[in-house]
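In what follows, a single structure is set out as structure tokens and then discussed.
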Amino acid sequence: MKEKLKDYLEHGEEILWHSRAEQFEAMDRTHKAYYIRRGVIAAAILILLLAFYIPTAIKTGAGVKLGVVIVIVAAGIYGICSPMLDVRKLRKMEYVLTNEKLMLVTPSDVRSVKLSAIPTARMASDDDGHWSLLCGPDCDSLAPCKRRVATLTGAILDQDSMMCDRFVMYGIDDVQGLRAAAVGHLTIA
């Protein structure tokens, strides 16, 4: 892990803990209704766009352009499938705690937040028993079904103070290891 992160670790920074997201079902109780609702909304928008575009194109004499229809349909399909793409990304993600930062490591990038910028941190479990580390005050109102998406966005910082408003690690596989490694570096409620 240290070799993989050598460009992201500062001088004297040490890896205290690392893990992956645990194995989880994409459509578990916590997320099923949320994903179905997102899919229905995306499908409805797709149908509305096509229902508006096709008659308008015919009425104005511009004709229905196949490229426009393909773009609308592709965007709609992406909207319907995006939850499954989110799950694939999460399964490839690694979590790291150093003596200075929390890091989300994906195959394409590393997102991090300094421990000194985290005002609050707590562990929370969803209805399916998946534990998440929730950092920052915005997590207090974050619904359990949105923790996966929040993990993928990385750190959200207050632009005035540069303090962490939200940083989430979803489905932590080694909760006890994280708690033990965090002692003296990050206070987890």
Side-chain angles (χ1 to χ4, degrees), residues 1 4-5 7-8 19-96 102-113 124 126-136 138-159 162 164-173:
M1 177 59 69
K4 188 176 185 179
L5 294 174
D7 294 335
Y8 299 96
S19 184
R20 294 183 155 285
E22 65 184 334
Q23 294 300 312
F24 54 86
E25 294 295 321
M27 296 288 276
D28 58 17
R29 285 179 296 174
T30 303
H31 296 88
K32 187 174 185 175
Y34 175 68
Y35 286 162
I36 289 171
R37 188 171 47 250
R38 277 181 61 174
V40 168
I41 290 169
I45 290 170
L46 168 66
I47 291 166
L48 287 171
L49 285 173
L50 288 174
F52 175 77
Y53 170 71
I54 293 172
T56 303
I58 292 170
K59 184 177 179 180
T60 61
V64 176
K65 307 293 186 226
L66 182 59
V68 173
V69 172
I70 289 172
V71 167
I72 292 172
V73 171
I77 290 172
Y78 176 77
I80 293 168
C81 296
S82 68
M84 295 308 118
L85 298 173
D86 291 350
V87 168
R88 284 186 58 205
K89 289 177 193 173
L90 272 169
R91 288 185 175 151
K92 294 177 184 177
M93 190 172 283
E94 295 180 64
Y95 304 137
V96 177
L102 278 174
M103 305 168 88
L104 300 172
V105 182
T106 69
S108 59
D109 71 341
V110 175
R111 299 176 195 143
S112 65
V113 63
D126 62 22
D127 289 341
D128 296 288
H130 303 296
W131 286 92
S132 298
L133 176 63
L134 306 172
C135 301
D138 285 357
C139 289
D140 292 339
S141 61
L142 186 66
C145 64
K146 296 188 179 179
R147 292 177 186 160
R148 289 180 184 174
V149 174
T151 299
L152 293 171
T153 61
I156 297 177
L157 302 176
D158 179 278
Q159 294 304 308
M162 294 309 290
C164 177
D165 280 339
R166 185 177 76 197
F167 187 84
V168 178
M169 290 181 169
Y170 171 79
I172 296 173
D173 192 29

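We use all heavy atoms of the structure for the numbers below, so side chains are in, but hydrogens, waters and symmetry mates are not.
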Let me confirm one number: the [atom1]-[atom2] distance from [X] to [Y], rounded to the nearest 0.5 Å.
| X | Y | atom1 | atom2 | answer |
| --- | --- | --- | --- | --- |
| Leu104 | Thr151 | CG | OG1 | 7.0 Å |
| Asp140 | Leu134 | CG | CG | 8.5 Å |
| Cys81 | Arg38 | SG | CZ | 11.0 Å |
| Met103 | Leu5 | CE | CG | 4.5 Å |
| Leu48 | Ile41 | CG | CD1 | 11.5 Å |
| Asp165 | Gln159 | CG | CD | 9.0 Å |

Which is it for Asp109 and Thr106 under the side chain to side chain contact (heavy atoms under 4.5 Å, CB included) test, yes or no, and what are the steps along the way?
CA-CA 5 Å; Asp109 71 341; Thr106 69; 2.5 Å; yes
Any idea which heavy atoms bring [X] and [Y] closest together, and the distance?
| X | Y | answer |
| --- | --- | --- |
| Gly76 | Ala42 | O-CB, 4.3 Å |
| Cys135 | Cys139 | O-SG, 3.3 Å |
| Cys164 | Leu157 | CA-CD2, 3.6 Å |
| Ala21 | Leu90 | CB-O, 3.9 Å |
| Ile80 | Pro83 | O-CD, 3.4 Å |

Side chain proximity check, [X] to [Y], heavy atoms < 4.5 angstrom:
| X | Y | result |
| --- | --- | --- |
| Val73 | Val69 | yes |
| Met93 | Leu152 | yes |
| Phe167 | Ile156 | no |
| Arg91 | Phe24 | yes |
| Asp28 | His31 | yes |
| Val110 | Val96 | no |
| Met27 | Ile36 | yes |
| Val149 | Tyr34 | yes |

Under a 3.5 Å distance rule, please check whether Glu22 uses its side chain to pair with a backbone N or O of Arg20 as donor and acceptor.
no
Under a plain distance cut-off of 3.5 Å, with no hydrogens placed, do [Y] and [X] share a side-chain donor-acceptor pair?
| X | Y | result |
| --- | --- | --- |
| Asp173 | Ser19 | no |
| Arg147 | Thr30 | no |
| Tyr35 | Arg148 | yes |

Which of parallel (below 30°), tilted (30 to 60°) and perpendicular (above 60°) describes Tyr170 and His130?
tilted
